[in-house]
Amino acid sequence: MSGHGDPIPMTSVACGPLRGTAEVPGDKSISHRALILGALCVGETTIAGLLEGQDVLDTAAAMRAFGADVTDQGGGRWSLRGVGVGGFAEPEGVIDCGNSGTGVRLIMGVMATQPVTATFTGDASLNGRPMARVTDPLALFGCQAVGRTGGRLPMTLVGARAPVPVRYVVPVPSAQVKSAVLFAGLNAPGQTVVIEREATRDHTERMLEGFGAEISVRETDEGREITLTGQPELRAQHIEVPRDPSSAAFPVCAALIVPGSDVLVPGIGLNPTRAGLFTTLREMGADLVYENERIEGGEPVADLRARFSPDLRGIDVPPARAASMIDEYPVLSVVAAFATGQTVMRGVRELRVKESDRIDAMAKGLRANGIDVDEGEDWWAVKGVGHGNVAGGGLCESRLDHRIAMSFLILGMASNAPVRVDDGGPIATSFPIFEPLMAGLGAKLSRS
Ligand code: S3P
């Protein structure tokens, strides 16, 4: 949905101990993929725990526009009757993916090898983001794309009439690019091979296998090589979506910095390609424990217990960990402000092309709240001042970026003066219950 409403200014003031259980919503990455793969099956796919954030709702609407029957059964339960691999209908209108890079890039991948033409658009943030990283490999299958200068949306794709399979080495660490190529490979005859030099989140590979596709992964000198056999008949599934570690990050980090806090965040997916933040926080000295570790639906899951951690230390976060915590750097930088010493985050160039330039957005907002930040093109460093010493008092721009808005609201929970955010509206894209959930733990957030 590209029509973003009026800005919702928000303020976060220091609060007493955060306590209780934080049931965060379903995983955003898995939710998009469940809808897309359900739309490519012939029978009925059912999904429980779907994230009903705007990003995912926009993908559901897109699947309807391409011909799938998508039903909201209520309470996070959804069902789909799909069209089969290669069975997309041509949409009548423009496909509006709102704020979601994942939504638009994955859907472009699926349609690229089907004989349909579709036009994609999004909000001001999405329309500024690079799409050539996806349309370049899709061209190898025979798909044509015409967009604005610099490969920006709005953009029209003409799907390949006679797609050919592709071998592609992904040039940037991106699960969206990898997934777009794999989804395109679904309707190409023969084997599509994707190689990633750095492992990124592997939900697409796991889910393709679950839906019955022939897919294999092996380590090679070039990197992680994924081979998919095209034109499978996908089998309709029941998907239980685990809770989102990227959303869990917010109550966890808040508990670490607010004195006296003790918060349980149950049922969090801890796929190693997603859990880098929690490793990093423990290295910083966080009191963060995994309880009740188990396997659910093929994914490792645990209940996270986070308690106030008075002795956090700044650390060097290695570049090799970047892909497994790429969405968590904004909130990590907030925790880093409360640590003693410097936290350096390297190998994070991709942060500059997210919903906003996240290094720039966080650096400016942290400085406005009395924290020193250094930055280069692919690194940044936050100079922690220790508990009780974060000034706050700043007004921060959220730049149509949900994670920037939430990160600064977490900052305000333990700062000496209130922290204001110019627009909390984007939070609804990924974490629509953020406000009541944090308030239920004891946070003091207001719309002002
Ligand atoms: C996602 C991949 C990541 C991440 C995004 C979700 C996905 O993007 O930032 O929030 O579901 O595949 P990139 O592929 O651009 O790194």
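Below, each value reflects all heavy atoms present in this structure, side chains not excepted, and no hydrogens, waters or symmetry copies. As the structure lists them, so they are numbered: ligands from 1, and atoms in each ligand from 1.
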Looking only at protein heavy atoms, which one is nearest to atom 6 (C) of ligand 1, and how far off is it? Thr102 OG1, 3.2 Å
Check: Ser179 N/O within less than 3.5 Å of ligand 1 N/O: no
Determine, considering heavy atoms only, which of Arg33, His203, Lys178, Arg358 sits nearest to atom 7 (C) of ligand 1. Arg33
N or O pair under 3.5 Å between Val177 and ligand 1: no
Hey, which atoms in ligand 1 end up nearer than 4.0 Å to a heavy atom of Ile326? 9 (O)
Any side-chain heavy-atom pair from Leu186 and Thr113 closer than 4.5 angstrom? no
Under the criterion salt bridge (charged side-chain N to carboxylate O under 4.0 Å, His left out), which of Asp357, Asp360, Asp423 is the partner of Arg399? Asp360
Can you tell me if Lys354 has a non-hydrogen atom under 4.0 Å from ligand 1? yes
In terms of atom number and element, which parts of ligand 1 are under 4.0 angstrom from non-hydrogen atoms of Asp327? 4 (C), 5 (C), 9 (O), 10 (O)
Per-atom filter on ligand 1: closer than 4.0 angstrom to a heavy atom of Ser174 are 13 (P), 14 (O), 15 (O), 16 (O)
Salt-bridge contact Asp401-Lys354 (side-chain N to carboxylate O under 4.0 Å): no
Looking at Asp327 and Arg358, is any side-chain nitrogen of the basic one under 4.0 Å from a carboxylate oxygen of the acidic one? yes
Can Arg367 and Glu375 be counted as an ion pair, charged N to O under 4.0 angstrom? yes
With a 3.5 Å cut-off and no angle check, do the side chains of His203 and Glu205 form a donor-acceptor pair? no
Does Arg282 qualify as a cation-pi partner of Tyr290, given the criterion of NZ or CZ under 6.0 Å from the six-membered ring centre and within 45 degrees of its axis? yes
Please report whether ligand 1 has a polar contact with Gln176, defined as an N or O pair separated by less than 3.5 Å (distance criterion only). yes
Identity and distance of the protein heavy atom lying nearest atom 11 (O) of ligand 1: Ser29 OG, 2.7 Å
